Amino acid sequence: MKKVIVISIVFALMLGAMIGEIVYVNQFYNGIQHDLEIIAESIDANEEHVDNQDTVALCAALEEKWEKGKKIMLMLQNHNTVRNLDGQIMSLGAVVRSDNYNDAVIFARSAINYIDDILLDSVPYLSNLL
């Protein structure tokens, strides 16, 4: 009987940890995606002068937020996925600072779509399990 109780407690702890991980990862990526959408709107609004103070500040804030959460994401997610998104976020900041509208739009939309794909893979749907 003691073994059943111990096994049940361990199972409950593992289940709680898995649910906590899914919630944390989804909230973090949803926050990053929201910031990227704001940056994309700012880029579209300032087509002639992409490297304005507002857009550069938004990119710097996004890069700072990403750097703080990147270490945790490397522990919880696939390394290649995190590194690819890291490259897209850093490249977005660089092209915004270089006043390159076309590349800024491409990197912003690409990162937003990439996060959509990450979120689809991070939640255990039945189709992901089979």
Side-chain angles (χ1 to χ4, degrees):
M1 187 63 169
K2 290 180 183 179
K3 289 181 183 180
V4 172
I5 293 171
V6 170
I7 290 171
S8 298
I9 291 172
V10 170
F11 178 73
L13 289 173
M14 289 176 58
L15 186 64
M18 289 186 305
I19 291 170
E21 176 186 341
I22 290 169
V23 169
Y24 178 79
V25 167
N26 280 331
Q27 286 180 344
F28 180 76
Y29 281 128
N30 282 329
I32 295 290
Q33 188 175 34
H34 177 70
D35 293 346
L36 282 166
E37 289 169 354
I38 292 172
I39 291 170
E41 290 172 6
S42 180
I43 290 168
D44 288 337
N46 300 297
E47 185 175 339
E48 296 297 322
H49 190 60
V50 175
D51 65 342
N52 62 65
Q53 289 180 348
D54 293 337
T55 309
V56 171
L58 288 170
C59 286
L62 174 66
E63 289 170 355
E64 183 179 331
K65 182 178 181 179
W66 172 248
E67 285 298 322
K68 286 181 182 178
K70 182 172 69 171
K71 291 178 185 175
I72 295 172
M73 288 299 116
L74 282 169
M75 288 186 280
L76 299 176
Q77 295 272 274
N78 182 322
H79 290 10
N80 290 330
T81 302
V82 175
R83 287 187 185 125
N84 287 339
L85 185 58
D86 182 48
Q88 289 180 353
I89 290 173
M90 294 303 144
S91 297
L92 173 62
V95 297
V96 165
R97 288 181 194 87
S98 69
D99 198 23
N100 189 336
Y101 172 76
N102 293 329
D103 285 346
V105 169
I106 291 169
F107 277 110
R109 292 294 167 208
S110 174
I112 290 168
N113 292 335
Y114 193 66
I115 290 177
D116 280 337
D117 293 341
I118 292 171
L119 290 173
L120 287 174
D121 287 339
S122 67
V123 177
Y125 295 107
L126 184 59
S127 61
N128 292 356
L129 298 174
L130 299 177

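For clarity, every value in this text was computed on a predicted model and none was experimentally measured.
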Problem - Any residue meeting side chain to side chain contact (heavy atoms under 4.5 Å, CB included) with E63, in chain and number order, not counting sequence neighbours - result: I89, M90, R97
Handout entry: Euclidean distance, T81 OG1 relative to L74 CG, rounded to 0.5 Å
Key = 10.0 Å
Problem - Beyond-backbone contact of W66 with L85, side-chain heavy atoms, under 4.5 angstrom - result: yes
Exercise for the section: Give, for atom CD of E47 and atom CG of N102, the distance between the pair rounded to the nearest 0.5 Å. Expected result: 8.0 Å
Exercise for the section: Looking only at non-hydrogen atoms, find the nearest pair between A104 and V96 and report the distance. Expected result: CB-CG2, 4.0 Å
Handout entry: Under the side chain to side chain donor-acceptor pair (under 3.5 Å) test, residues paired with S110 that sit two or more places apart
Key = Q88
Handout entry: In one Ile/Leu/Val/Met/Phe/Trp/Tyr side-chain cluster, 4.5 Å: Y101, F107
Key = yes
Problem - Residues in side chain to side chain donor-acceptor pair (under 3.5 Å) contact with E67, at least two apart in sequence or another chain - result: K70
Completion exercise
For K68, the salt bridge (Lys or Arg N to Asp or Glu O under 4.0 Å) test, sequence neighbours excluded, returns E64
N/O donor to acceptor pairs below 3.5 angstrom from side-chain atoms of residues 28-36, sequence neighbours left out:
from : atom 1 : to   : atom 2 : distance (Å)
N30  : ND2    : N26  : O      : 3.0
Q33  : NE2    : I112 : O      : 3.2
Q33  : NE2    : D116 : OD1    : 2.7
D35  : OD2    : K65  : NZ     : 3.1

Handout entry: I43 with I106, same ILVMFWY side-chain cluster at under 4.5 Å
Key = no
Practice task
Look at the side chain of D99 and the backbone N and O of V50, then say whether any donor-acceptor pair between them is shorter than 3.5 Å.
Solution key: yes
Exercise for the section: Treating Ile, Leu, Val, Met, Phe, Trp and Tyr as nodes and any side-chain heavy-atom pair under 4.5 angstrom as an edge, say whether M18 and M75 lie in one connected cluster. Expected result: no
Practice task
Verify the cluster assignment for V6 and M14: are they in a single hydrophobic cluster under the rule of side-chain heavy atoms below 4.5 Å apart?
Solution key: yes
Handout entry: Euclidean distance, D54 CG relative to I38 CD1, rounded to 0.5 Å
Key = 12.0 Å
Problem - Test side chain to side chain donor-acceptor pair (under 3.5 Å) applied to N52 - qualifying residues, sequence neighbours left out - result: T55
Problem - D86 side chain to V82 backbone, donor-acceptor under 3.5 Å - result: no
Handout entry: Note, S98 side chain near V95 side chain (heavy atom, < 4.5 Å)
Key = yes
Problem - Separation of Q77 CD from I72 CD1 (nearest 0.5 Å) - result: 12.0 Å
Practice task
Kindly give the heavy-atom pair with the smallest separation between A108 and L92, and that separation in Å.
Solution key: N-CD1, 3.9 Å
Problem - Spatial distance of atom OH (Y114) from atom CG (L119) [nearest 0.5 Å] - result: 11.5 Å
